[in-house]
> 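The structure under discussion is supplied below as structure tokens; questions concerning it will follow.
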Amino acid sequence: KKTSSESESEQVRKMQDRLEDKTMQREMELAEEAEKAAEPIPEKSWEEMTWAERGDQAAQQAESDAIWKGASKAEAKTLGSRAREKVMLQAVEDGYVTQLPQRARFNPATGKVARG
């Protein structure tokens, strides 16, 4: 009986070692992902951005400023939406027109739907 208890304890030890190996591997993967996420994303200049990107940036900046000043998440989202709308109104004043997706058309001769 002593051999069976030794083999069981050995099996348990091996299982623990495998679990620790998997845990270490997963922790390393998570650390690599965190490093990638921490790398700064190169920011575009104002001239390189589309109007939608400018609106998103203004909204994000307004939200973060509001949160730093102690506003609730709902208030911050509202301020972000207002900032985005302000940028998009400026875009319209500058002549920006939102491109709507083309309507899909059905061709009865082929039985297919085509855009444009």
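Quick caveat: nothing in here was measured; it's all calculated off a predicted structure. Just so you know, these numbers use all the heavy atoms, side chains as well, and skip hydrogens, waters and symmetry mates.
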> Flag the pair K86 / L89 as yes when at least one side-chain heavy-atom distance between them is below 4.5 Å, and no otherwise.
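Counting from C-beta outward, K86 and L89 never come under 4.5 Å.
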> Just verifying a value: how many Å separate Q61 CD and L79 CG, rounded to the nearest 0.5 Å?
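If I round to the nearest 0.5 Å, the distance is 12.5 Å.
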> Kindly check if the number of other-residue, nucleotide or ligand heavy atoms within 6.0 Å of CD (E53) is above 12?
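More than 12 heavy atoms, drawn from other residues, nucleotides or ligands, come within 6.0 Å of this atom.
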> Taking the side chain as everything from C-beta on, heavy atoms only, tell me whether V87 gets closer than 4.5 Å to R54.
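Heavy-atom side-chain distance check passes, below 4.5 Å.
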> I would like to know whether R13 and D17 meet salt bridge (charged side-chain N to carboxylate O under 4.0 Å, His left out); could you show each step before the answer?
CA-CA 6 Å; R13 187 179 53 76; D17 288 345; 3.5 Å; yes
> Tell me, do E85 and M88 make a side-chain contact under 4.5 Å, heavy atoms counted?
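E85 vs M88: side chains apart.
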> Output the distance between atom CE (M28) and atom CE (M24), rounded to the nearest 0.5 Å.
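Taking CE in M28 and CE in M24, the distance rounds to 7.0 Å.
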> So, are R26 and E29 salt-bridged, with charged N and O less than 4.0 Å apart?
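The answer is yes: the pair qualifies as a salt bridge.
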> What distance do E27 atom CD and E20 atom CD have between them, rounded to the nearest 0.5 Å?
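The CD atom of E27 sits 10.5 Å away from the CD atom of E20.
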> Distance from R84 atom CZ to D56 atom CG, nearest 0.5 Å?
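The distance works out to 5.0 Å.
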> Got a second to check how far D65's CG is from Q60's CD, nearest 0.5 Å?
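Spacing of CG (D65) from CD (Q60) equals 10.5 Å.
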> Closest approach of G80 and A59, non-hydrogen atoms and distance?
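For G80 versus A59, the nearest heavy atoms are O-CB, 3.2 Å.
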> Could you state the interatomic distance from CZ (R18) to OG1 (T23), rounded to the nearest 0.5 Å?
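Output value for this atom pair is 12.5 Å.
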> Can you see which heavy atom on W51 is nearest to which on A91, and at what distance?
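Minimum heavy-atom separation between W51 and A91: CD2-CB, 3.1 Å.
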> Less than 4.5 Å apart, any side-chain heavy atom of F106 and any of K112?
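Of all side-chain heavy-atom pairs linking K112 with F106, none is under 4.5 Å.
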